[in-house]
Amino acid sequence: MMHVLFYPCREAARLIDLRRDAPLRIDQRARLAVHLRMCDACRAFADQIDTIETAFRRRAAAGEPALPTSPGLDAAARERIRTRLRGGA
Amino acid sequence: MDGDAWVDAHADALFRYALTRLRRREDAEDAVQETLLAALTAKRDFRGDSSERTWLIGILRHKIVDRIRADARTPVVAESDEAMDWCGETGNWLHPPKAWQGDPGRLAEDGEFWERVRACFAGLPDRQAQAFALRVMDDLPADEVCKQLDITPTNLWVMLHRARTRLRDCLERTWFAPAGGASP
């Protein structure tokens, strides 16, 4: 039980993120589950990462660009590209 | 469709897509130009089974990845590890996260929230931002992101963990703090 109690949040947070990108080993899963049951802060962390990623996914599903961005190309750049496309220098 | 018409119809959208991922205006402008030039050359390959915009974004993605890879070969000063400052020497939280208030389902439609996300994202180091953009914004599988960025899975996991930790921390400070809900 001692190793579980001393399992630092740093490692739990790493696994909370890692499981989004790769399957955890069974021992990692078990230790993380125990940690999460005992640790309010890491549970909140996991929920927050979830909240952020869910928000990105909903935004993508709604057809919005990933982030609000500045106005588009400025006039000079637009003209430069036009000229290049016409075969100019 | 000719070059002028493409610039009118698509250049702004392509530019915004590139700017989010490359983050420097000049780089994004160059990527748009390269994309439209390549599209002009390859016009006959466009089969109309996707929209023209989708086809152009597909080309743009390749151009962006080429740039990111070229950048990655330039040695960079090691990114600071301050993202990991949240845990002290014991490896536990210095400021334990507290549950965020408010309805997470509504965030996606909240324009002010996304302005904060943009500001927080702008604060990420380049490599972390690129990894996060491909994995989370573009929702590509992790192995595909590794291939595109030409990095190992371990490398990717470290970058994503730092990016997520930093974004979370920034959003907590600038959006959810102190008592959650809207900004002060």
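Values below: every heavy atom of this structure, side chains too, minus hydrogens, waters and symmetry copies.
To the nearest 0.5 Å, atoms CG (A:Asp74) and CD (B:Glu29) are separated by 5.5 Å. To the nearest 0.5 angstrom, A:Asp47 atom CG is 11.5 Å from B:Arg168 atom CZ. For the atom pair CE of B:Met137 and CD of A:Glu53, the computed distance is 10.5 Å after rounding to the nearest 0.5 Å. Taking CH2 from B:Trp100 and OG1 from A:Thr51, the interatomic distance works out to 6.5 Å, rounded to the nearest 0.5 Å. In this structure, OG1 on B:Thr165 lies 12.0 Å from CZ on A:Arg10, to the nearest 0.5 angstrom.
For A:Leu73, the parts lying near chain B are the backbone and the side chain together; criterion is any non-hydrogen pair under 4.5 Å. Both the backbone and the side chain of A:Ala13 have a heavy atom closer than 4.5 Å to some heavy atom of chain B. For a residue to count as touching a neighbouring chain, one of its non-hydrogen atoms must lie under 4.5 Å from one of that chain's; by this rule A:Asp50 does not touch chain B. Neither the backbone nor the side chain of B:Tyr17 comes within less than 4.5 Å of any heavy atom in chain A. Neither the backbone nor the side chain of A:Arg43 comes within contact range of chain B; no heavy atoms are under 4.5 Å apart. For A:Asp21, the parts sitting under 4.5 Å from any heavy atom of chain B are the backbone and the side chain alike. Residue contact with chain A, scored on non-hydrogen atoms closer than 4.5 Å, involves the side chain of B:Trp157 exclusively. Only the side chain of B:Leu171 comes within contact range of chain A, judged by heavy atoms closer than 4.5 Å.
For the set B:Arg21, B:Arg106, B:Arg164, the entry with the most heavy-atom pairs within less than 4.5 Å of chain A is B:Arg164. For the set A:Arg58, A:Arg78, A:Arg59, the count of heavy-atom pairs under 4.5 angstrom toward chain B peaks at A:Arg59. Contact count against chain B (heavy-atom pairs under 4.5 Å) is highest for A:Arg20 among A:Arg57, A:Glu64, A:Arg20. Of the listed residues (B:Val136, B:Leu107, B:Val32, B:Leu14), the greatest number of heavy-atom pairs within a distance under 4.5 Å of chain A belongs to B:Val136. Note on A:Pro65, A:Cys42, A:Ala60, A:Ala62: by heavy-atom pairs under 4.5 Å with chain B, the leading option is A:Cys42.
The closest donor-acceptor contact from the side chain of A:Gln48 to the backbone of B:Lys98 lies under 3.5 Å. Side chain of B:Asn92 to main chain of A:Pro8: no donor-acceptor pair is present (N/O by atom type, distance under 3.5 Å, no hydrogens or angles).
Among all heavy-atom pairs drawn from A:Gly72 and B:Arg16, the shortest one is N-NH2, 3.5 Å. The heavy-atom pair separating B:Ala108 from A:Ala55 by the smallest distance is CB-O, 3.9 Å.
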Practice task
Show your working on side-chain contact (heavy atoms from CB on, under 4.5 Å) between B:Leu160 and A:Asp17 and close with a plain yes or no.
Solution key: CA-CA 8 Å; B:Leu160 286 173; A:Asp17 279 353; over 6 Å; no
(request) Given salt bridge (charged side-chain N to carboxylate O under 4.0 Å, His left out), test A:Arg82 with B:Asp8 step by step and report yes or no. (result) CA-CA 9 Å; A:Arg82 273 182 202 282; B:Asp8 289 339; 2.6 Å; yes
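Note on ring orientation: taking the six-membered ring where Trp is involved, the planes of B:Trp114 and A:Phe56 are perpendicular (angle over 60°, cut-offs 30° and 60°).
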